[in-house]
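Each chain gets a letter, A, B and so on, in the order the sequences are listed, and its residues count up from 1.
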Amino acid sequence: MAGKKTMTLNLTGPEMLALEELSKKKELNKTAVLRQALRLYQMVEMRIEQGDKVMFENEVSKEKAELMLL
Amino acid sequence: MSRDVSPISLYSVSENGPVDAELFHDITEEELMDWQTSWLPSLAEGMQKLKQKGVLRADWPESAHWNWRDKASKIEGLLACPCFCIKTQGMTQGMIQLNLVKSARLPQQTGRPLVFIDYIENAPWNRPKLHTPPRFKGVGSILVRAAIELSIAEEWDGRIGLHSLPQANNFYSSDCGMTDLGKDADYENLRYFEMSPDQAKAFVMKGNQS
Amino acid sequence: MKIEITREWCINMAQMEGDVEVGAGLLALDPDVADTAVEANVVETGEDPQLAFGPFVQLMRRQIGLSVEELANKADVDMSDIINIEKRHHYTPEPRTVVRLSQVFELPSKRLMQLSGNADIRDRHFKEEAVRFAAKSGSIERLTNSERKAINTFVAILNKDET
């Protein structure tokens, strides 16, 4: 397996705050949060390339909304 | 290109003892060719015998129609979908495909990330329904252990989850000690099982007791 | 990632396993057709290089962005011919159809003749590559990255001189 590489991240105040909040909520360190975000983004991107749509569905109302990705 | 691999052992039924095996941290073309050229013909032969014996279809292997090439091509290159396989004596004995972007459902674990088992399958000659006696034992336990170890490496404390095929419900509830959260209507009504950090510790401890 | 699982652990767990099934994952198959689905898997992923021709034509067609009808018109062949080539496992088209397709795809007609079952394949390496390609081709609508990679690799092989 390839060794790990180090990267410096420049985040705004609100972005850092969001990262810290997710980190606290998920009980993950910040690197782990970003790693999850990357996995999720790559997977969603692949499904969209294959012609799938990514939707949110409200469990109660069953209302659906599409997640838009550029 | 070198592969990540961990030495393990399987139990050989004919030799009544351990044989050296390897847990590879991926599934490659080599294993897919094993599936195609060895697993499939063995499955087809096994199903023929079941048919001839008049065994009820409900008792036939439930994953016999799975296409591992299709599965592999759908997840190719995805960081979220690591795989493992077990090989011994030059042949693939079991395969597992994992998913790293799902969350726990157990109360007290809800919303926390876990290693989800998308698919797990034993080679046909290791399955008691198709081969009496089975050739090797231990494939299922080792692949579940691999999922737990990955969960620990991710700092998710060993949490894992899966939807069991009906014939394997007992393996996951009794042998693995997982919690049965009931039938999942979003997953063909398969039973959803989850392992908490404590259950993961207990599973590992179980094998360490002589 | 380092995983350490002792021999003792493996054997203890194996002996405790008993005679169990361990499968997990989506079923999505009516048990009444399980045996034919297994047979279909065996046939579809079998070792007959002619199994590569249908998927190859379909992938090339999708790669150049043509519908079945558009390809038929461009190659001046019957639409039913293209449909049969793409859908029926052991359909051997007329040599004229194969030549016309090779002109549209800009590939050596000799290789396509072999792939379509109109001529024997003597080159073992080509035969193996054809079987490998057949095994890798799926049936989803858009070309995935791996399908694109598979077809580009196979096109390079078709363009190589016969050894």
Side-chain angles (χ1 to χ4, degrees), chain A, chain B residues 1-6 22-28 70-85 97-116 118 146 149-159 161 184-187 196-197 200:
Chain A
M1 201 154 88
K4 292 187 178 171
K5 294 185 167 61
T6 304
M7 184 175 123
T8 303
L9 209 53
N10 293 321
L11 297 179
T12 64
E15 284 168 348
M16 196 54 159
L17 187 60
L19 181 54
E20 280 163 356
E21 279 174 359
L22 276 168
S23 175
K24 191 173 168 189
K25 186 175 176 187
K26 296 291 180 183
E27 293 184 9
L28 296 173
N29 63 44
K30 293 196 247 320
T31 304
V33 171
L34 290 170
R35 194 172 277 137
Q36 278 302 83
L38 181 58
R39 287 166 177 164
L40 197 54
Y41 198 177
Q42 188 196 38
M43 182 180 252
V44 166
E45 192 53 37
M46 185 205 74
R47 294 294 295 265
I48 288 176
E49 271 177 10
Q50 288 178 347
D52 286 345
K53 280 189 179 157
V54 183
M55 313 284 287
F56 289 117
E57 182 179 342
N58 185 296
E59 268 204 25
V60 173
S61 69
K62 301 297 172 193
E63 204 179 300
K64 285 189 182 149
E66 192 178 340
L67 173 71
M68 294 298 295
L69 267 191
L70 295 171
Chain B
M1 202 168 84
S2 69
R3 297 169 73 180
D4 259 7
V5 57
S6 305
E22 288 168 309
L23 173 70
F24 286 96
H25 300 202
D26 54 18
I27 290 174
T28 66
D70 267 353
K71 293 182 196 323
S73 75
K74 284 187 171 100
I75 59 154
E76 196 183 340
L78 284 185
L79 298 168
C81 299
C83 297
F84 289 90
C85 65
Q97 182 185 307
L98 303 168
N99 186 317
L100 303 181
V101 293
K102 293 201 190 238
S103 299
R105 302 183 198 183
L106 272 173
Q108 274 134 31
Q109 310 294 330
T110 312
R112 302 218 181 121
L114 55 54
V115 170
F116 181 80
D118 269 338
E149 290 299 324
L150 181 57
S151 176
I152 291 170
E154 292 288 330
E155 296 178 23
W156 300 345
D157 304 322
R159 277 189 293 274
D184 188 343
D186 292 331
Y187 261 80
S196 66

I need the contact set between residues 25-33 of chain A and chain B: heavy-atom distance under 4.5 Å, sorted by residue number. A/Lys26, A/Glu27, A/Leu28, A/Asn29

Side chain, backbone, both or neither: which part of B/Asn99 has a non-hydrogen atom closer than 4.5 Å to chain A? side chain

Point-to-point distance, once rounded to the nearest 0.5 Å, from CG of A/Asn58 to NZ of A/Lys64: 12.0 Å

What is the distance from atom CD1 of B/Ile75 to atom SG of B/Cys81, rounded to the nearest 0.5 Å? 5.0 Å

I'd like to verify something: which residue of B/Arg112, B/His25, B/Glu155 has the highest number of heavy-atom pairs under 4.5 Å with chain A? B/Arg112

B/Arg159 side chain to B/Ser151 backbone, donor-acceptor under 3.5 Å: no

Counting N and O atoms only, with roles assigned by atom type, does the side chain of A/Gln42 sit under 3.5 Å from a partner on the main chain of B/Gly77, one being a donor and the other an acceptor? yes

For B/Lys74, is there an ion pair with B/Asp118 - N to carboxylate O distance below 4.0 angstrom? no

With a 4.5 angstrom heavy-atom cut-off, is it the side chain or the backbone of A/Met43 that approaches chain B, or both, or neither? both

Flag yes if more than 12 heavy atoms outside A/Lys62 fall under 6.0 Å of its NZ atom; otherwise flag no. yes

Just wondering, are more than 12 heavy atoms of other shown residues or ligands nearer than 6.0 Å to CD in A/Glu66? yes

